[in-house]
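Take a look at the structure set out below.
Order of the sequence lines fixes the chain letters, A, B, ..., with proteins taken first and strands second; residue numbering starts at 1 for each chain. Everything numeric in this text was worked out from a predicted model, so none of it was measured.
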Amino acid sequence: MKKLNDAQRRAVEYCDGPLLILAGAGSGKTRVLTHKTMYLIRNCGINPGEILAVTFTNKAANEMKERIRKLLGISTWGLWISTFHSACIRILRAHADSIGYSKSFTVYDDSDQKAFVKKCMVDLEINLEQLKPKSVQQMINRGKNNLLSPEAMLERAYTQYDKSAAKVYGYYQSAMVQNNTMDFGDILSNAVALLESNPDILKKYQQMFRYILVDEYQDTNIAQYSLLKMLAKEHKKICVVGDDDQSIYRFRGANILNILNFERDYKNVEVIKLEENYRSTKNILKAAHGVISLNTSRKAKELFTQKEEGDKIKCFNAQSDVHEAKYVIAEILKFCDAGIPFKDIAIFFRTNAQSRVFEEEFFKAGVPYILIGGLKFYARAEIKDIIAYLKIISGVNDIISIKRIINRPRRGIGKMTFEKVEKYMTANGCDFFSAVPDLIDTGAVKKNICRKLADFTALITGLKEYASTNNIGDLIKHLYKETGYQEMLADDPLGENKDRINNVDEFIAGAYQFVEESPETDLSTFLDFISLVSDIDKYDESSDRVTLITLHSAKGLEFPVVFMTGMEEGVFPHIRSFDSKEDIAEERRLCYVGITRAKQHLIITHASSRHTYNMPSLQKPSRFLKDIPSHLLERINGGGLSKRGSFSGDLFPGRRTFHDFHEDPHGEKYQQDIIENHFYDEDSSNEYIIGAKYAHPVFGIGILKSVEGSPGNEKLTIYFPRAGRKKILATFAKLRRC
DNA sequence: AAGAATAACGTTTTT
DNA sequence: CGTTATTCTT
């Protein structure tokens with residue numbers, strides 16, 4: 001308690017009724033949350049099992065558990081610290097039957113959902129050209145976020161387009177129940193529906209949760225809002241923590257009014273503001289305030305800090321996207337020279353697509369990095385295939401998963417056969433595994449195909465049996481082999497499957513770890529876990545790498561050094577936000593979130609030209625740059641624009657042309673030889689000899705000029721005839737002596 | 001049914 | 001551009 005400031009202490013100690021904590025960025029809200037939980041247990045006589053704490057990411061939940069465990073010195077057993085989604089799944093699993101689901105329901109992710117929407121539209125014979133599955137999917141999600149039933153959506157629909165979309169929604173919804181699957185939206189809306197239609201169950205949870213804590217309240221949607229309102233009705237002891245300035249999830253249904261109207265929604269609300277920032281320098285905070293203060297309809301506040309002024313904010317105008325990346329790397333190497341570890345440095349961007357250029361340049365420069373998000377681990381084809389097998393084994397015969405793996409690896413069951421089974425299923429209202437024997441009996445399919453289908457069902461039956469007596473790690477290993485999947489990947493003369501094989505191995509290793517940590521868990525629990533885990537949850541800050549991350553994923557994190565890149569009109573703020581005032585306001589908040597992640601150094605970059613879809617386009621600096629008081633900025637012109645405002649020299653210096661890749665007189669073949677003959681050879685010595693030749697996967701062969709740094713962490717300067725002088729980190733770049 | 005060739009689509013952001 | 005979906009050919 002002594003470590004807390006006055007406001008923080010009041011926030012911890014007020015436990016009598018509804019409490020709104022307006023916690024600015026870096027104001028120590030996680031500290032308040034953990035201390036408050038401890039206070040409830042120690043001083044208010046509340047048992048751990050009577051507290052519900054909700055966060056938005058598993059990472060935040062785990063961190064909170066960990067901190068409580070350390071502070072309190074007790075196990076967090078019984079505490080409900082989880083995300084909205086995990087908490088809802090837990091409730092739903094316990095009472096699935098009362099809303100027409102079986103306990104073994106599975107969760108559809110975004111792409112499963114899209115496939116299922118499409119299937120529904122095909123069933124309804126809707127022209128997929130006129131009504132796009134993707135927009136129907138969005139409309140369904142919008143409905144669920146706002147707790148609108150298909151009927152309610154139909155009522156609100158004015159255009160024919162909306163009307164038919166609402167019709168699909170209705171059909172989709174009943175098909176999902178029949179299929180025993182839920183999408184992300186269902187997890188919340190079905191939990192609400194469950195509690196609404198079962199007063200006894202609701203009562204049980206109302207009494208159970210004597211205190212409710214909610215983190216990131218500004219990002220809750222209507223469904224989450226209603227859920228909280230219902231659960232808190234009994235004791236009215238709810239504490240929400242949030243910052244209206246950091247609301248950045250409008251696109252997935254978050255309603256900023258939830259936090260702005262909290263005082264109206266609950267009676268006798270205590271409001272506590274945390275405005276002292278413990279994270280950033282004065283200059284960084286002033287810059288952030290410059291940007292956010294231009295938003296209307298926000299709760300007025302300004303953060304302050306006792307920290308020093310700090311450096312000015314660097315603002316670099318690059319010529320191109322590639323130039324931008326090169327500049328960032330050069331600056332990173334300077335920080336590195338100054339003794340700042342890579343893990344203290346992060347690069348933020350608005351869209352995932354922007355990461356590619358950075359990845360390329362980081363690889364070339366030999367700087368270690370980790371990319372968060374992008375192509376997510378669990379979204380990879382091979383991982384999704386294995387998960388599909390697991391879902392089927394777990395007993396839900398959901399059609400999307402079956403379709404996914406019925407012919408992977410090849411079993412001679414093609415599109416035609418699958419369609420036959422599907423038709424039979426819809427005609428008779430049965431599931432896949434009861435349709436198959438019927439179909440065989442009626443002789444609707446040819447004999448050899450019958451055999452193949454029977455073999456497939458036998459395979460699944462065998463796996464189910466295996467699953468009943470073995471742990472999840474063994475099960476995955478077993479099915480990997482039994483299904484022939486392993487063999488399929490191993491048959492790979494070109495070595496193209498290497499990554500996939502590694503991914504599966506990693507997945508198996510992860511499963512074993514899961515088993516070790518919680519040996520009791522069944523298959524559904526495991527599947528719930530992986531369907532709700534994101535990359536950020538697995539993010540491990542222990543390894544020394546630069547973090548590449550989207551602004552959205554960066555929320556909740558902090559770094560001593562932050563690069564905010566692509567600060568250009570159209571990129572950030574994104575072009576799709578231009579025609580709505582609310583969307584621009586949200587982009588502004590996102591910018592605020594980005595700036596306030598920085599502790600010591602903030603570097604902003606923008607490029608004068610950028611490639612999108614491989615087409616170069618001219619870029620103007622972001623409007624947000626103008627909103628930062630200019631005396632806080634140190635502008636650096638990287639030669640993007642000449643004095644007259646037109647380009648000098650190469651119009652698009654970052655453009656990668658055929659010429660760039662092939663200017664080497666020896667041609668591509670020569671480059672390939674270098675890689676084959678030198679790059680993959682084993683090297684046992686780790687001494688570096690000045691004057692010796694080394695092969696680099698990208699730059700080819702060069703001569704070592706100098707070595708800096710300690711053994712095991714050498715920084716090499718190498719002269720490459722083809723690429724020029726480069727500074728390379730020995731531990732990261734795969735160099736070969738030759 | 002499998003594999004190859006061709007077309008189409010996409011870039012906000014994610015639990 | 002790169003990935004995925006669809007169509008064509010065998």
Heavy atoms under 4.0 Å, any strand shown: does A/S577 hit a base, just sugar-phosphate, or nothing? nothing
When you get a sec, tell me which of B/dT13, C/dG2, B/dT15 is the closest nucleotide to the side chain of A/F251? B/dT13
Distance-only side-chain donor-acceptor flag, A/N141 / A/Q113, under 3.5 Å: yes
Just how far, in rounded Å, is C1' of B/dT14 from CG of A/L590? 12 Å
Assign each of A/I248 and A/K132 the nucleotide of DNA chain B bearing its closest heavy atom; nearer the 5' end lies the nucleotide of A/K132
Regarding A/K452, tell me which of base, sugar-phosphate or nothing describes its non-hydrogen contacts under 4.0 Å with the strands shown. nothing
Between CZ of A/F418 and C1' of B/dA1 the distance, given in whole Å, is 15 Å
Check step by step if side-chain contact (heavy atoms from CB on, under 4.5 Å) holds for A/D183 and A/F116. CA-CA 10 Å; A/D183 58 40; A/F116 199 72; over 6 Å; no
Picking from B/dA1, B/dT15, B/dT14, which would you name as closest to the side chain of A/I449? B/dA1
With rounding to whole Å, what would you report as the distance between C/dT6 and B/dT11 at their C1' atoms? 23 Å
Between A/H552 and A/R411, who's closer to the 5' end of DNA chain B by nearest nucleotide? A/R411
At less than 4.0 Å, is any side-chain N or O atom of A/N407 found next to OP1 or OP2 of B/dA2? Yes or no. yes
Base, sugar-phosphate, or nothing for A/N352, non-hydrogen atoms under 4.0 angstrom? sugar-phosphate
Donor-acceptor contact present, side-chain A/Q619 to main-chain A/H606, <3.5 Å: no
Aromatic-base stack, A/F84 on B/dT15, cutoff 5.5 Å, angle under 30: no
Only one of A/D112, A/D528, A/D385 passes salt bridge (Lys or Arg N to Asp or Glu O under 4.0 Å) with A/K391, and that residue is A/D112
Can you tell me how far P of B/dT11 sits from CD of A/E569, to the nearest Å? 22 Å
Rounding to a whole Å, what distance do you find between A/R610:CZ and C/dC1:C1'? 16 Å
May I ask you to decide if A/V357's main-chain N or O and A/E360's side chain share a donor-acceptor pair within less than 3.5 Å? no
A/Q218 and A/Q246: side chain donor to acceptor below 3.5 Å: no
Quickly work out the A/K415 NZ to B/dG3 P distance and round it to whole Å. 16 Å
From CG of A/L453 over to P of B/dA1, roughly how many Å is that when rounded to an integer? 10 Å
What does A/M615 touch in the nucleic acid at a heavy-atom separation under 4.0 angstrom: a base, only the sugar-phosphate, or nothing? nothing
Answer with base, sugar-phosphate or nothing: what part of the nucleic acid does A/K59 contact at a heavy-atom distance below 4.0 Å? nothing
Under 4.0 Å between a side-chain N or O of A/K134 and OP1 or OP2 of B/dT11? yes
Taking the minimum atom-to-atom distance to the side chain of A/T550, which one of B/dA1, B/dT14, B/dT15 wins? B/dT14
To the nearest Å, give me how far apart CG (A/D110) and P (B/dT13) are. 12 Å
Give one of base, sugar-phosphate or nothing for A/T417, where a contact means two heavy atoms less than 4.0 Å apart. sugar-phosphate
Check the distance between B/dA7's P and A/E129's CD and give it to me in whole angstrom. 16 Å
Which is true for A/F56 with a 4.0 Å heavy-atom rule: it touches a base, it touches only sugar-phosphate, or it touches nothing? sugar-phosphate
Can you check whether A/R410 has a side-chain N or O nearer than 4.0 Å to OP1 or OP2 of B/dG3? yes
Using a cut-off of strictly less than 4.0 Å, decide whether A/K118 has a side-chain nitrogen or oxygen near OP1 or OP2 of C/dT6. yes
